[in-house]
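Owing to the predicted nature of the structure, the values given are computational and were not obtained by experimental measurement. In what follows, chains are A, B, ... by sequence order, proteins preceding strands, each numbered from 1. All values below come from the heavy atoms of this structure, side chains included, with hydrogens, waters and symmetry mates left out.
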Number of protein chains: 2
Amino acid sequence: MSTAEETSGGEVQPWGEVTPDAARRLLVAAVEAFAERGYHATTTRDIAGRAGMSPAALYIHYKTKEELLHRISRIGHEKALDVLRTAAESEGGPAERLAEAVRSFVRWHAGQHTVARVVQYELDALGPEARAEIVALRRQNDAAVRGIIEDGVAAGDFDVPDVRGTTIAVLSLCIDVARWFNVNGPRTPDEVGALYADLVLRMVGAKSRPRP
Amino acid sequence: MSTAEETSGGEVQPWGEVTPDAARRLLVAAVEAFAERGYHATTTRDIAGRAGMSPAALYIHYKTKEELLHRISRIGHEKALDVLRTAAESEGGPAERLAEAVRSFVRWHAGQHTVARVVQYELDALGPEARAEIVALRRQNDAAVRGIIEDGVAAGDFDVPDVRGTTIAVLSLCIDVARWFNVNGPRTPDEVGALYADLVLRMVGAKSRPRP
DNA sequence: TCCGAAGCTGAGCGCCCGCTTAGAGCGCCC
DNA sequence: GGGCGCTCTAAGCGGGCGCTCAGCTTCGGA
């Protein structure tokens, strides 16, 4: 399960739950390499090199290259799901909750777009059981978003003829941010999040949107 | 597999412009394989095998495996751009043109999702100059959609605070259909196209939408 | 002081990759 | 009929891949 990632000093560090230190460095190197070139185009020599180690060192901490991808996918999905759920379960009406969910989910996919790319686009490189585990996590994303939209419809705040289809569209819109987002582009993750939250409220026909 | 688009007076099948026949069969096999496993995970032996030929036969028609990907990407993008432009330049107001553009673009990405996947997600496997060529084609997609939205804003039909951002979002939404669309799922390409056209009209705040 | 476990490296194994080459089959034009 | 060019195959080359293993270093505990 996803737990707090704090050192004794209290600082939050991205892959804090991965120990020992060498294993974490290898995993961070793998995320970089997979995001840049793709899983199949990345060699174990490249990963080890980025982590400042010999190729053989990788196999002390991970059984195979695929296990690295699996760990990255699981942790990444859990983080994204955590971000989404926190927003979905927050205080406020459906419109506020949906806006906050989209805002934070998009912010994560933009800010952590290297991880997000690996997590979203390398699923097929996993074996059947690892893939099944990840797919289950994805369905929880879907359920979280659908839940908010259903609440909004029930409350009469939203006008949505096709709840399942709209849910897919909203999630798809957010996830695809990981594909096109560019750190050197004109927008910050916060700005994209705000823009997308507004667009999604329009998609669900929210009766009263927060001021732009 | 859908191969034969019937000809009434000379209209061609999906990859009709690729000759000779053996080159076309190899290309179709490559599209299947790339879409299924990804470019880097696909071997030239696999492609040739699917086309019913020996591995060496591939190199009579294509200089390298990368050239195959390049040809697929170029033709695929040109087809998609053609679909989009035809709709963008059709008769009617901005709302009708935008709806038709989204409807047909989405229909293409759903119906031809194998090609679309290769075209959209394997761009990084291309060399610098081939990639530059494809990126140029993408910018034309962007310009086509932005043009319609600008028309709608100028005519007072749309309410769009951020035209560039909304353009990216609309295209992103359509393109990502290629990732999640499933032939065995509950929706046909036509249905997804209709749903998405409605959602996009909401996103741009179209004053009067066609009947749902 | 010594010992065993843990972490890591240099060397390298066996496999399969993209791609090449020599040559066979076959239709076409003179 | 015969040479030619196009298409295709069987065989295989060089190389880089994922991964392994023997052995070195480091270090905490008895």
Nearest-Å distance for atom pair [atom1]/[atom2], residues [X] and [N]:
X      : N       : atom1 : atom2 : answer
K65(B) : dC17(C) : NZ    : P     : 9 Å
L68(A) : dG18(D) : CG    : P     : 12 Å
L69(A) : dG18(D) : CG    : P     : 13 Å
Y62(B) : dG18(C) : OH    : C1'   : 17 Å
I47(A) : dC17(D) : CD1   : C1'   : 12 Å

* To do: Say whether, by atom type as modelled, one donor and one acceptor occur between the side chain of R45(A) and the main chain of P55(A) under 3.5 angstrom.
  =>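 It does not hold such a pair.
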
* R179(A)-Q120(A) side chain donor-acceptor pair, cut-off 3.5 Å ->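 Not at all, the side chains of R179(A) and Q120(A) share no donor-acceptor pair under 3.5 Å.
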
* Where are the stems of DNA chain C, defined as at least 3 consecutive Watson-Crick or wobble G-U pairs with both distances under 3.5 Å? ->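 Stems found: C:1-30 with D:1-30.
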
* Can you list every pair that meets salt bridge (Lys or Arg N to Asp or Glu O under 4.0 Å) and has a residue in residues 61-70 of chain A, with sequence neighbours left out? ->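 Pairs touching residues 61-70 of chain A that pass the test: E67(A)-R71(A).
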
* L58(A) side chain reached by L68(A) side chain, heavy atoms, under 4.5 Å ->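 Touching, per the 4.5 Å side-chain cut-off.
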
* **Y121(B): side-chain hydrogen bond (donor to acceptor under 3.5 Å, both in side chains) partners, not counting sequence neighbours** =>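 If we apply the side-chain hydrogen bond (donor to acceptor under 3.5 Å, both in side chains) test to Y121(B), skipping adjacent residues, the hits are D176(B).
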
* Got a sec, which residues hit side-chain hydrogen bond (donor to acceptor under 3.5 Å, both in side chains) with D82(B), two or more places apart in sequence or on another chain? ->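 Scan of D82(B) (side-chain hydrogen bond (donor to acceptor under 3.5 Å, both in side chains), adjacent residues dropped) gives none.
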
* **H61(B) side chain near dC8(D) phosphate (N/O to OP1/OP2, under 4.0 Å)** =>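 For dC8(D), OP1 or OP2 has a side-chain N or O of H61(B) closer than 4.0 Å.
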
* Asked: Under 4.0 Å between a side-chain N or O of Y59(B) and OP1 or OP2 of dC19(C)?
  ->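 So the side-chain polar atoms of Y59(B) do come within 4.0 Å of the phosphate oxygens OP1 or OP2 of dC19(C), strictly under.
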
* Structure fact -> A correct 5'-to-3' footprint of nucleotides 9-16 of chain C, with B, S and - meaning base, sugar-phosphate only and no protein heavy atom under 4.0 Å, is BB-B----

* R74(B): partners by salt bridge (charged side-chain N to carboxylate O under 4.0 Å, His left out), with sequence neighbours left out ->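 With sequence neighbours excluded, R74(B) shows a salt bridge (charged side-chain N to carboxylate O under 4.0 Å, His left out) to E78(B), E133(B), given in chain and number order.
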
* Between CZ on residue R164(A) and CD1 on residue I149(A), distance to nearest 0.5 Å ->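 Atom-to-atom, R164(A):CZ and I149(A):CD1 are 11.5 Å apart.
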
* What distance do E150(B) atom CD and I148(B) atom CD1 have between them, rounded to the nearest 0.5 Å? ->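 E150(B) atom CD to I148(B) atom CD1 measures 10.5 Å (nearest 0.5 Å).
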
* Listed nucleotide nearest any side-chain atom of T44(A), set dC19(C), dC8(D), dG18(D) ->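 For T44(A), the side-chain atoms sit closest to dG18(D).
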
